[in-house]
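Within every chain, numbering begins at 1; the chains are lettered A, B, ... in the order of the sequence lines, protein sequences first and strands thereafter.
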Protein chains: 2
Amino acid sequence: MATIQDVAIAAGVSAMTVSNVINDHPNVRKATREKVLDAMARLDYRVNVAARNLRKGRTGTIGLAVPEVNSPYYAQLAAAVIAAAERYSLRVCIEQTGASRENELDALSLSRNRLYDGLILSTVGMGPADVELLKVDHPVVILGERIFGGPVDHVAMPNVDGAQAATQHLIERGCRRIAMVRGPVGEEVDVSSLRFTGYRQALRGAGLPLAPDLVQSMEALTLRAGARSARDMVASGLDFDGVFCVTDTVAIGVLRGLADVGVRVPEQVKVIGFDNVEESEFLIPSLSTIDPDHDMMARRAVDLLAGRIGQTEPGADHEEFISHFSVVIRESTGG
Amino acid sequence: MATIQDVAIAAGVSAMTVSNVINDHPNVRKATREKVLDAMARLDYRVNVAARNLRKGRTGTIGLAVPEVNSPYYAQLAAAVIAAAERYSLRVCIEQTGASRENELDALSLSRNRLYDGLILSTVGMGPADVELLKVDHPVVILGERIFGGPVDHVAMPNVDGAQAATQHLIERGCRRIAMVRGPVGEEVDVSSLRFTGYRQALRGAGLPLAPDLVQSMEALTLRAGARSARDMVASGLDFDGVFCVTDTVAIGVLRGLADVGVRVPEQVKVIGFDNVEESEFLIPSLSTIDPDHDMMARRAVDLLAGRIGQTEPGADHEEFISHFSVVIRESTGG
DNA sequence: TTGTATGCGTTATCAG
DNA sequence: CTGATAACGCATACAA
């Protein structure tokens with residue numbers, strides 16, 4: 001494959017002139033440029049990105065580490081990040097971590113290895129205990145709920161407020177015994193625990209009791225687990241008239257589970273989710289949910305990262321950005 | 001940031017020995033190895049991937065160019081490709097082309113630039129006319145329906161046969177006036193036209209007429225367009241008792257559109273899709289569909305690519321792989 | 001406006 | 001088992 005040298009020889013100029021042509025430097029005479037372009041075309045020259053990266057110390061690529069791409073929420077987020085990165089001419093490489101702490105740390109070290117100019121890391125496996133590991137000398141933006149106040153920029157969803165608004169919406173629609181379907185209960189802060197806090201606050205605000213048997217805790221936030229949860233609740237004779245689901249994916253499962261056992265939504269039970277994934281509008285019944293403004297989050301994350309990539313020094317203070325949300329009211333809560 | 005040289009000095013050995021330790025070469029004395037590992041840890045050494053890539057002429061990364069990640073089908077495919085690539089220790093960088101021919105060619109040239117060791121290219125914008133452009137000297141696997149018999153390996157879905165089976169299933173369930181909801185009608189071969197062929201074959205095989213007014217052609221294969229199509233069909237007084245949707249995404253929209261105008265599925269109209277995206281199982285009603293075995297396709301594509309990456313010469317003959325399919329019967333066709 | 005010299009960090013080769 | 005040397009292809013700084 002042709003190198004810059006080959007082109008230089010073919011065009012009868014120096015390698016440097018070829019480089020100047022490639023990079024659109026102004027100080028190249030038109031005639032020279034033509035000669036070079038012609039030689040490049042003849043030899044089918046392609047820049048060697050690896051060499052350029054080495055020389056420049058930049059790759060023009062940022063990493064995006066998410067638990068899985070095959071999930072509407074992260075897929076949507078990834079698309080938004082790619083779109084936002086385009087404005088900075090940054091390529092995005094998506095890394096799947098499978099929600100494991102180890103893989104998240106791997107992603108972190110890959111960007112340390114200068115494979116990426118920076119990293120947007122969606123933390124699910126890593127927790128507050130890992131904050132120290134984020135003290136790296138290259139740009140990182142954390143996207144998620146697990147780590148606050150770390151030594152890096154942070155973009156988060158309005159989990160507590162959004163969950164509170166969702167629950168409050170159910171209350172306003174007349175629900176009095178509101179269940180929540182959530183992920184595993186653990187020591188540490190995660191999406192489920194934050195949204196549970198919002199749920200609890202809404203109940204308290206309305207003077208409703210927090211009944212432990214109304215809180216369903218599942219192993220994983222999947223369609224299947226959501227469906228099973230719903231069937232279990234009904235099968236166990238639980239009395240409830242509303243469900244706040246920790247994510248839309250879970251809510252889709254819950255809708256299906258309720259249908260399986262003949263419970264009508266929204267007549268008998270009202271359901272609300274969180275995320276506003278694209279499909280939610282087209283379900284039957286369409287799903288009420290919280291829209292956390294993914295696009296804004298993605299844009300903010302990329303902006304922060306791009307800003308850090310420019311500067312030489314670590315940069316003093318780190319930003320915490322929490323996006324705004326809106327309640328999207330659809331058929332599943334009586335529309 | 002520490003280089004291999006710094007480590008060498010700190011450990012009192014040569015750079016080469018450090019390199020040998022890093023790459024697990026056998027001929028390093030234990031004591032030496034320890035010294036080096038110790039120095040690496042002290043200096044927090046990280047390999048510079050750009051330098052390694054330059055030297056090796058490999059990046060360990062393959063590109064996956066798809067129209068959009070924010071679409072259940074491609075998201076699922078991407079996840080499967082990532083999983084398959086892992087077995088070869090290959091990283092996957094997802095490139096969004098937005099279904100534009102230009103962006104697809106961009107992706108092609110990026111891998112030519114040695115950003116990637118190879119490329120899996122999902123062609124939607126490029127067509128048979130662009131076959132010549134695929135004659136590149138580095139590994140490419142085409143994933144899609146637009147280009148057959150090109151100068152590269154090719155993995156495709158069982159479009160015609162799958163569509164025929166889907167339509168036939170509707171016929172077996174008693175449908176006699178079967179509509180098809182598809183993408184734009186054009187000169188060239190694409191997913192819609194191939195699946196339309198299958199649809200036509202099934203009708204002919206059953207001795208049913210192909211009624212032009214039963215074929216709905218939409219601008220884009222989206223949820224929204226699917227919903228509108230369904231509403232339009234009903235509003236225009238069209239008489240139909242079954243719908244074959246060109247993709248599951250479209251089918252989800254169609255189910256919603258039928259619900260909007262009070263048509264019951266499967267009692268009045270039966271619906272079947274194509275792709276078997278994860279959500280289809282959890283819809284209300286759950287969606288019958290064709291499962292083209294994404295995992296197999298992804299694995300095959302990665303296997304082919306990995307095989308080409310190994311070899312030095314372009315390799316003579318190119319493989320055409322068409323995956324198998326199965327009909328998944330669910331509630332939308334009467335379960 | 002163009003060319004020369006140099007080094008980015010790594011590893012293959014081969015000699016010690 | 002270890003080390004010296006060179007080269008991967010490009011772009012910065014400076015000289016002409």
Side-chain angles (χ1 to χ4, degrees), chain A residues 1-37 39-40 43-61 109-117 137-138 312, chain B residues 1-37 39-40 43-61 109-117 137-138 312:
Chain A
M1 177 159 305
T3 75
I4 222 172
Q5 289 291 349
D6 302 332
V7 176
I9 293 166
V13 299
S14 78
M16 210 40 240
T17 301
V18 178
S19 174
N20 284 334
V21 170
I22 293 168
N23 297 291
D24 272 330
H25 279 259
N27 291 344
V28 180
R29 213 175 19 194
K30 206 167 180 182
T32 314
R33 178 188 308 281
E34 310 259 297
K35 261 197 312 193
V36 171
L37 289 174
M40 281 176 29
L43 299 180
D44 192 30
Y45 169 79
R46 310 275 147 192
V47 300
N48 182 319
V49 182
R52 174 181 284 176
N53 289 346
L54 174 58
R55 184 59 238 240
K56 289 214 197 192
R58 291 269 185 83
T59 65
T61 299
S109 86
L110 278 173
S111 59
R112 269 161 126 155
N113 292 353
R114 312 217 197 151
L115 220 193
Y116 308 135
D117 292 343
D137 53 359
H138 64 102
T312 39
Chain B
M1 176 158 306
T3 75
I4 222 173
Q5 290 292 350
D6 302 332
V7 176
I9 293 168
V13 299
S14 79
M16 208 43 237
T17 300
V18 177
S19 175
N20 285 334
V21 170
I22 293 168
N23 296 291
D24 272 330
H25 278 260
N27 293 345
V28 179
R29 211 172 25 191
K30 206 167 181 180
T32 313
R33 180 188 306 281
E34 309 260 297
K35 262 195 313 190
V36 171
L37 288 174
M40 280 176 27
L43 299 180
D44 191 30
Y45 169 79
R46 310 272 148 193
V47 300
N48 182 320
V49 181
R52 173 180 287 176
N53 289 347
L54 174 58
R55 182 61 238 225
K56 290 211 185 189
R58 290 269 184 83
T59 64
T61 299
S109 85
L110 279 172
S111 59
R112 270 161 125 155
N113 292 353
R114 313 222 195 146
L115 219 192
Y116 309 135
D117 291 342
D137 53 0
H138 64 103
T312 39

Peer 1: Would you give the length of the straight line joining atom CG of A:Asp6 to atom OG1 of A:Thr3, rounded to the nearest 0.5 angstrom?
Peer 2: 3.5 Å
Peer 1: Search all heavy atoms of A:Asn48 against all heavy atoms of B:Leu54 and return the closest pair with its distance.
Peer 2: ND2-CD1, 4.4 Å
Peer 1: Could you give the CE-to-P distance, from B:Met1 to C:dC8, as a whole number of Å?
Peer 2: 15 Å
Peer 1: Between residues 43-53 of chain B and DNA chain C, which residues have a heavy-atom gap below 4.0 Å?
Peer 2: B:Tyr45, B:Arg46, B:Val47, B:Asn48, B:Ala51, B:Arg52
Peer 1: Which parts of residues 17-30 of chain B get close to DNA chain C, meaning a heavy atom less than 4.0 angstrom away?
Peer 2: B:Ser19, B:Asn23
Peer 1: Could you give the CG-to-C1' distance, from A:Leu115 to C:dT10, as a whole number of Å?
Peer 2: 15 Å
Peer 1: Quick one: does B:Arg55 reach the base of C:dT10 with a side-chain donor-acceptor pair under 3.5 Å?
Peer 2: no
Peer 1: Please find the earliest and latest nucleotides of DNA chain D, in the 5' to 3' direction, that have an atom within less than 4.0 Å of any heavy atom of chain A.
Peer 2: D:dG9 to D:dA13
Peer 1: Determine, step by step, whether B:Arg52 and B:Ile22 satisfy the side-chain contact (heavy atoms from CB on, under 4.5 Å) criterion, reporting the C-alpha distance in whole Å, the side-chain angles of both residues, the deciding distance to 0.1 Å, and the verdict.
Peer 2: CA-CA 12 Å; B:Arg52 173 180 287 176; B:Ile22 293 168; 3.5 Å; yes
Peer 1: I want to confirm an ordering. Mapping B:Leu54 and B:Met16 to their closest nucleotides on DNA chain C, which one lands closer to the 5' end?
Peer 2: B:Leu54
Peer 1: Give me the atom names and distance for the closest heavy-atom approach of B:Ala11 to B:Val36.
Peer 2: CB-CA, 4.1 Å
Peer 1: Can you tell me how far P of C:dC8 sits from CZ of A:Arg58, to the nearest Å?
Peer 2: 18 Å
Peer 1: If the cut-off is 4.0 Å, is A:Thr32 near the phosphate of C:dT2, judged by side-chain N/O to OP1 or OP2?
Peer 2: yes
Peer 1: Looking at every non-hydrogen atom in both residues, tell me the closest pair between B:Ile4 and B:Ala15 and how far apart they are.
Peer 2: CG2-CB, 3.9 Å
Peer 1: Going by the rule side-chain hydrogen bond (donor to acceptor under 3.5 Å, both in side chains), which residues pair with A:Asp117 if we only count those two or more places apart in sequence or in a different chain?
Peer 2: A:Thr59
Peer 1: Starting at CG of B:Leu115, measure out to OG of B:Ser109 and round the result to the nearest 0.5 Å.
Peer 2: 9.5 Å
Peer 1: Holding to side-chain hydrogen bond (donor to acceptor under 3.5 Å, both in side chains), I want the full list of residues that pass it with A:Asp44, two or more places apart in sequence or in another chain.
Peer 2: A:Arg46
Peer 1: Under the side chain to side chain donor-acceptor pair (under 3.5 Å) definition, can you give me all pairs with a residue in residues 25-37 of chain B, not counting sequence neighbours?
Peer 2: none
Peer 1: Taking all heavy atoms of B:Asn53 and all of A:Ala50, pick out the closest pair and write down the distance.
Peer 2: CB-CB, 3.9 Å
Peer 1: Mind listing the closest non-hydrogen atom pair of B:Ala10 and B:Ala39 along with its distance?
Peer 2: CB-CB, 4.1 Å
